[in-house]
2 protein chains.
Amino acid sequence: MATRNEPRTEPRIPLSRDRVLRAAVKLADESGIESLTMRRLAEEVGAEAMSLYYHVAKKEDVLDGIVEVIAGEINEVVGRIDVPSKGAAWKSAVRQRVLAAREVFLRHPWAPRVFETRADVSPPVVQYFDALIGLMRDGGFSYDLAHHALHALGSRALGFTQEMFDPGDGAGDEESTAMLESMAEQLPHLVGMLREIAHDDPDSTLGWCDDQTEFEFGLDLILDGLDRMRETA
Amino acid sequence: MATRNEPRTEPRIPLSRDRVLRAAVKLADESGIESLTMRRLAEEVGAEAMSLYYHVAKKEDVLDGIVEVIAGEINEVVGRIDVPSKGAAWKSAVRQRVLAAREVFLRHPWAPRVFETRADVSPPVVQYFDALIGLMRDGGFSYDLAHHALHALGSRALGFTQEMFDPGDGAGDEESTAMLESMAEQLPHLVGMLREIAHDDPDSTLGWCDDQTEFEFGLDLILDGLDRMRETA
DNA sequence: TAAGGTACTCTTACGGCGTAAGGCAGTCAA
DNA sequence: TTGACTGCCTTACGCCGTAAGAGTACCTTA
């Protein structure tokens, strides 16, 4: 049963923090963040669970590292954007960067949850925010307004929102739709709203919102509001 | 060792789904959500872990139930609010309710995380949103605008935001502040901003933001933007 | 009063988790 | 040659969620 000890046939790439973290991201991409366990991660890199601990301190450290990897990916993407940001142009500069960051999260749907549970600030994330503040400064923001702006944007600054009614991938829709319909009397406004939306967008069995459109709506609402404050300051 | 089997001295309140859920909230309030395990929850209600399963399906069900309890608490609080909401008054009506809901979350700091991980919509939450839509309708919102509004508000509609740099209770502040200061060259904008904030608000060792103020800033920014759309519609 | 059903709680046990403690092989400097 | 250091592995512990099924108390019906 020498499945593991065959140094000849399988050259065995040495472990490293970076390799472990990349494998963790891959595992989460493929099987979801809940299936990221130290044992499975070890298997992914062809080692035993305890071997990982030579390269990472503990599982929390893996999660911290994952954030760095994703934030690095974001910085790489937004780093390629080079548009004017002076004066009124700040808005589209920020907008473009946020939407570019969002695309990274769309590739890693499990990532927002991980970001949200990290208390500590990691260098790549800090770097991203620094650049964002820079754009606002170009637009004439005071530090105070830029600070408020970051709070107002919240996680939207990084490209994601936490939807309260996340319909997932349409799973369980009929069920909850039926549930809502059956409560039409107690929920007149909500049911009315949903009926109209379903009517206007008939392709939906109530799928039910276009996330990208809604994200941009909220983003623009905030950016426009900030822009007005910038001008009247 | 008849510590448990003494039906006389300890009358033993019967278990129930409601009692289990309330105990779960209490446990989370006192020791944090991460210490909410079926065994500890059982201990809290004076029973064995497996006994809980007669009243709840599984741990996920407990978390769903917790959301219902908290949302119920919110509905109770906002239900006592009765202010005009016709026309322009919609804004302060919504504002008041959101801030009232926020107070409930301030009493249960662990709750946002639980809300965010629930995919399914629970009746009390749905009821809350229905009332919110009702206020917007009073203000003259189309269903379409109300729908956009809910997305724009996101979790803010329920009274919380996910802060990207949550300083917790000031823990680890000096450390991260020092880290940032040492990176002043790479992070000119961020460090500049923080220096000014620290300067303007000298009591802070960088504690560092007034969450309530920032929450209201973002909320008002969004509500004002929506109000303008309402008027020009 | 006896018998059986129902509602609730418990005991036992299993597999999976994160990780502490320490062993062992390969490499490299003295 | 030796001994330290690096990198990976084995073993084991305590905690977790929960499946299976055995009591136990009470209530109904005869």
Side-chain angles (χ1 to χ4, degrees), chain A residues 1-24 27-28 30-67 110 113-114 117-119, chain B residues 1-24 27-28 30-67 110 113-114 117-119:
Chain A
M1 195 173 286
T3 46
R4 180 147 292 133
N5 294 335
E6 288 179 0
R8 295 306 125 108
T9 58
E10 292 228 15
R12 187 187 251 318
I13 312 158
L15 252 47
S16 73
R17 177 177 167 86
D18 192 68
R19 203 161 89 79
V20 167
L21 297 181
R22 287 182 192 288
L27 196 55
E30 289 168 357
S31 332
I33 191 68
E34 76 285 351
S35 74
L36 174 62
T37 69
M38 296 305 275
R39 285 174 228 263
R40 273 203 271 259
L41 180 52
E43 198 179 353
E44 182 81 22
V45 296
E48 295 301 316
M50 288 311 292
S51 304
L52 302 176
Y53 287 84
Y54 193 84
H55 305 278
V56 298
K58 42 206 291 264
K59 192 183 180 183
E60 281 288 291
D61 190 27
V62 173
L63 296 176
D64 288 343
I66 278 181
V67 166
W110 47 269
R113 250 195 251 307
V114 179
T117 55
R118 296 306 87 196
Chain B
M1 193 174 284
T3 47
R4 180 145 290 130
N5 294 335
E6 289 179 357
R8 293 307 123 108
T9 59
E10 292 226 17
R12 186 189 251 316
I13 313 156
L15 253 46
S16 72
R17 178 177 167 86
D18 192 67
R19 202 161 92 80
V20 168
L21 297 181
R22 287 182 192 288
L27 196 55
E30 289 168 358
S31 330
I33 190 70
E34 75 286 351
S35 75
L36 174 62
T37 68
M38 297 304 276
R39 284 175 229 263
R40 275 204 270 258
L41 181 52
E43 198 179 350
E44 182 81 23
V45 295
E48 295 302 316
M50 289 310 293
S51 303
L52 303 176
Y53 286 85
Y54 193 85
H55 304 277
V56 299
K58 43 207 289 266
K59 192 182 179 184
E60 281 288 291
D61 190 27
V62 173
L63 295 176
D64 288 344
I66 279 181
V67 166
W110 47 269
R113 251 195 247 309
V114 179
T117 55
R118 298 303 88 196

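Sequence lines set the chain letters: A, B, ... in the order given, protein chains first and strands last, and positions in each chain run from 1.
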Could you check how far [atom1] of [X] sits from [atom2] of [N], rounded to whole Å?
X     : N      : atom1 : atom2 : result
A:E43 : D:dC9  : CD    : P     : 13 Å
B:M38 : C:dC14 : CE    : P     : 21 Å
B:L27 : D:dC16 : CG    : C1'   : 15 Å
B:L15 : D:dT24 : CG    : P     : 19 Å

- Message: The side chain of A:E48 is closest to which nucleotide in this list: C:dG18, D:dC9, D:dG17?
- Response: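 Per side-chain heavy atoms of A:E48, the pick is D:dC9.
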- When rounded to the nearest 0.5 angstrom, what distance separates CD1 in B:I33 from CD1 in B:I66?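 CD1 of B:I66 is found 4.5 Å from CD1 of B:I33.
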- Query: Can you name the residues that form a side-chain hydrogen bond (donor to acceptor under 3.5 Å, both in side chains) with B:R17, not counting sequence neighbours?
  - Reply: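 Only B:D61 meet the side-chain hydrogen bond (donor to acceptor under 3.5 Å, both in side chains) criterion with B:R17.
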- Would you mind reporting whether B:T117 and B:L63 have side-chain heavy atoms less than 4.5 Å apart?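 B:L63 vs B:T117: side chains apart.
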- Item | Flag side-chain contact, heavy atom, 4.5 Å: B:M50 against B:M38 |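 No; the side chains remain at least 4.5 Å from each other.
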- Do you know which two heavy atoms are closest between B:P14 and B:R19, and how far apart they sit?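 Reported closest heavy-atom pair: O-NE, 3.2 Å.
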- Message: Please check: side-chain N/O of A:S51 versus main-chain N/O of A:A47, any donor-acceptor pairing under 3.5 Å?
- Response: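 Such a contact is absent between A:S51 side chain and A:A47 backbone.
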- Query: Residues from residues 50-63 of chain A sitting under 4.0 Å of DNA chain C, heavy atoms only?
  - Reply: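 By residue number: A:M50, A:Y53, A:K58, A:K59.
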- Quick one: does A:R39 reach the base of C:dG18 with a side-chain donor-acceptor pair under 3.5 Å?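 A donor-acceptor contact between them is present.
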